[in-house]
Amino acid sequence: MLDREACAALDEADPLGGFRDEFVLPEGVVYLVGNSLGAMPRRTAERVARTVTEEWGRELVGGWNSAGWFAQPLTTGDRLAPLIGAGPGTVVVGNTTSIAVYQAVSAALGLRPGTIVVDRANFPTDNYMIERLGPTRDVSEGFEGAAVVLLAEVDYRTGARYDVPEVTRQVHEAGALMIWDVCHSVGALEVDVAEADFAVGCTYKYLNGGPGSPAFLYVNPRHHEAAQNVLPGWYSHAEPFAFEPRYRPAEGIRRFAVSTPHVLSFAALEASLDLWDQVAVADVRRKSTMLTDLFIDLVGDRLELASPRDAERRGSQVSFLHDDGYPVMRALIDRGVHGDFRAPDILRFGFAPLYTRFVDVFDAATIIGEVLEKELWRDPAYRNRLAVT
Ligand SMILES: *Cc1c(COP(=O)(O)O)cnc(C)c1O
């Protein structure tokens, strides 16, 4: 078992070590919630301020042209594409993941009407959004006879990871269309949705785009002509500034844009992508498996593991089960270890390799040991649930 000194040595040798300074992290906090809201890149504040004062403040409405706001859904899409294994002109950015899920499933059903296979245990919004689009069935019943399959590459509770190429192949073999939700994998591992029919994801988790930063939608070029946008806002019109009374869809990925981009949120996302331009995701994944393996080893049998033990089958998070998970997490947060709690009994710890150090893992495991051993979580103050857990 590694001691703290050995962890510090791993940090010394870490090829991603230099990125930590690119982030603003409070003193004394081990932030293991980058899978929910990524930490703020240092450059973001300045970038957002510049968009407000120089672009909006000086250019006013001219910013739509001069600052490139109008084209943001596509230009930012092209910047994101390599992070999901996609080519240029296949990704549109905007709205939220929930909306992108609705668009992707609607478009897929337009191409192939029938039953939607879902994971009933997936992040609920994906399933809520499509409830009224058609009959659904759980993935445990297989792909046979399905029209559309919607799955999350990495499970938000357990961190379990699907084999994307293999599942995509099986789904296609069954004659169905494949939609991947990569919210919990983009920025954490080498995502490759190129063979899928559609993919969706958010940018505020491992990509550090900031609270409420825009989502993305990938549409395989083989569907650009036939697939329809269920939310055909003016941004997806063939000629938005012709202001024609009738709708005509644009060619290519712009057909899936909806409406005006959230320019200030895009500014924060762009700042983060400037950082991601310098990152090799293979390094991120390598460090991520080292961090999560180390964490599992150090916590040992003090908690029951809910994540796959095999790093290959796991995303960048580690989950444990505890009947009193909520007060345990509150006690940890009070002592500087920030994870989160997912009902009914999951303690979730996400590892963002750009700013999480090996010594952070060591310290987190030590504090977890203390909280459990001394039963510090029994403090009645930790029973009272906050709105966001
Ligand atoms: C985080 C996450 C979302 C978030 O949806 P919003 O529309 O951004 O609120 C959706 N689906 C999955 C699988 C997620 O992990």
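Numbering starts at 1 and runs along the sequence shown. Note that ligands are numbered from 1 as they come in the structure, with each ligand's atoms numbered from 1 the same way.
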Can you confirm whether the side chains of Glu270 and Thr76 place a donor and an acceptor under 3.5 Å from each other?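 Yes, side-chain donor-acceptor contact under 3.5 Å.
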
Does any N or O atom in [X] lie less than 3.5 angstrom from one in ligand 1, N or O only?
{"X": "Thr125", "result": "no"}
{"X": "Tyr204", "result": "yes"}
{"X": "Asn122", "result": "no"}

[X] and ligand 1 - part of the residue with a heavy-atom distance under 4.0 Å:
{"X": "Thr97", "result": "both"}
{"X": "Asp126", "result": "side chain"}
{"X": "Ala152", "result": "neither"}

Taking CD in Glu144 as the centre, count heavy atoms belonging to other residues, nucleotides or ligands within less than 6.0 Å. Is the count above 12?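 No - once you tally the heavy atoms of other residues, nucleotides and ligands closer than 6.0 Å, there are 12 at most.
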
Keeping the roles fixed (side chain from Asp345, backbone from Asp323), state whether a donor-acceptor pair exists under 3.5 Å. no

Keeping Arg112 on the side-chain end and Gly175 on the backbone end, is there a donor-acceptor pair under 3.5 Å? yes

Would you mind running through ligand 1 and noting each atom that sits below 4.0 Å from a heavy atom of [X]?
{"X": "Thr96", "answer": "7 (O)"}
{"X": "Asp181", "answer": "11 (N), 12 (C), 13 (C)"}
{"X": "Ser98", "answer": "5 (O), 6 (P), 7 (O)"}
{"X": "His184", "answer": "15 (O)"}

Is it true that Asp11 and Arg20 make a salt bridge, defined as a side-chain N closer than 4.0 Å to a carboxylate O? no

Salt bridge or not between Asp21 and Arg42? Use side-chain N to carboxylate O under 4.0 Å. no

Residue, atom name and distance, where the atom is the protein heavy atom closest to atom 2 (C) of ligand 1: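 That would be Lys205 NZ, 2.5 Å.
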
side-chain hydrogen bond (donor to acceptor under 3.5 Å, both in side chains) evaluation trace for Arg120 with Thr136: CA-CA 9 Å; Arg120 297 237 186 271; Thr136 60; 3.3 Å; yes

Does some side-chain heavy atom of Leu151 sit less than 4.5 Å from a side-chain heavy atom of Trp180? yes

